[in-house]
Undergrad: 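I'd like to ask you about the structure that follows.
All values below were derived from every heavy atom in this structure, side-chain atoms included, with hydrogens, water molecules and symmetry-related copies excluded. Throughout, a chain's letter reflects where its sequence line sits, starting with A, and its residues are numbered from 1.
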Amino acid sequence: AQTVTQSQPEMSVQEAETVTLSCTYDTSESDYYLFWYKQPPSRQMILVIRQEAYKQQNATENRFSVNFQKAAKSFSLKISDSQLGDAAMYFCAKANYNTDKLIFGTGTRLQVFP
Amino acid sequence: DAGVTQSPTHLIKTRGQQVTLRCSPKSGHDTVSWYQQALGQGPQFIFQYYEEEERQRGNFPDRFSGHQFPNYSSELNVNALLLGDSALYLCASSLAGSPLHFGNGTRLTVT
């Protein structure tokens, strides 16, 4: 069975500092997508960043970037210049290449302190 | 441009009852997926509808069923509710493999 593991239930960061959230996954596929989603108290899942496994270059979206290590099956999210609005649950997720069915991790709660 | 809308936002039901949750996809999207998110957990895939047919299904019992209408909107039905069905139910829509767009969910409480 495919699994996505987030080993950090909670993380905290000072405003303007950098924080890294960890994610590992298990798969036998060579082509797949990896995602980080943010879930604020409004409950809506918001896509933060997406990585295609066949691309070696790490994805970046403004203050958000990933460190994708395919051989190690690791996909961490780095948030730079943290803002109070970044406080939320963050979920790592994986989808096989020919489907958009997502397998989620258990989430990491990020707190941002002023 | 309206995003994914779900109704109702909250619902309280009694064990054994049946419930119907509704979802309208983002404009232009033709595929609807449903997820169940138990408290403190990540969402789990229930099923996906495309062209009014169930295209994929997760590991959920037959008590969970769905429907997609010609306008791409969708319903999730759960029969014979159990206490363990209490969760946030998320609907997501997509088009041709584009990233999923999620709604704000329906919080179902079974007493």
Undergrad: What part of A/L47 gets closer than 4.5 Å to chain B, counting heavy atoms only: side chain, backbone, both or neither?
TA: side chain
Undergrad: More than 12 non-hydrogen atoms from neighbouring residues, nucleotides or ligands closer than 6.0 Å to CZ on A/R109, yes or no?
TA: no
Undergrad: How far does NZ of A/K101 sit from CZ of B/R55, to the nearest 0.5 angstrom?
TA: 13.0 Å
Undergrad: Enumerate the residue pairs fulfilling salt bridge (Lys or Arg N to Asp or Glu O under 4.0 Å) with a member in residues 66-76 of chain A, sequence neighbours excluded, ordered by first and then second residue.
TA: A/D26-A/K73
Undergrad: Tell me, side chain or backbone of B/T106 under 4.5 Å from chain A's heavy atoms, or both, or neither?
TA: backbone
Undergrad: Where does B/Q44 contact chain A at under 4.5 Å (heavy atoms): side chain, backbone, both or neither?
TA: neither
Undergrad: A side-chain contact here means heavy atoms from C-beta on lying under 4.5 Å apart; do A/Y37 and B/P43 qualify?
TA: no
Undergrad: Hey, quick one: are A/L110 and A/I49 part of the same hydrophobic cluster, counting side-chain heavy atoms closer than 4.5 Å, chains of contacts allowed?
TA: yes
Undergrad: Which atoms of A/Q39 are under 4.5 Å from chain B, going by heavy atoms: the side chain, the backbone, both sets, or neither?
TA: side chain
Undergrad: With a 4.5 angstrom heavy-atom cut-off, could you sort out which part of B/Q48 is near chain A: side chain, backbone, both or neither?
TA: side chain
Undergrad: Please say whether more than 12 non-hydrogen atoms of neighbouring residues, nucleotides or ligands are located less than 6.0 Å from CZ in B/R57.
TA: yes
Undergrad: Any non-hydrogen side-chain atom of B/L100 less than 4.5 Å from a side-chain atom of A/F35?
TA: no
Undergrad: Can you hop from B/V32 to B/Y89 via hydrophobic side chains spaced under 4.5 Å?
TA: yes
Undergrad: Taking A/F64 as the starting point, is it possible to reach A/F91 by hopping between hydrophobic residues whose side chains are less than 4.5 Å apart?
TA: no
Undergrad: Could you tell me which portion of B/F47 (side chain, backbone, both or neither) has an atom closer than 4.5 angstrom to a non-hydrogen atom of chain A?
TA: neither
Undergrad: Can B/Y49 be reached from B/F60 by stepping across I, L, V, M, F, W or Y side chains whose heavy atoms are under 4.5 Å apart?
TA: yes
Undergrad: Give me the atom names and distance for the closest heavy-atom approach of A/R43 to B/N104.
TA: NE-O, 2.9 Å
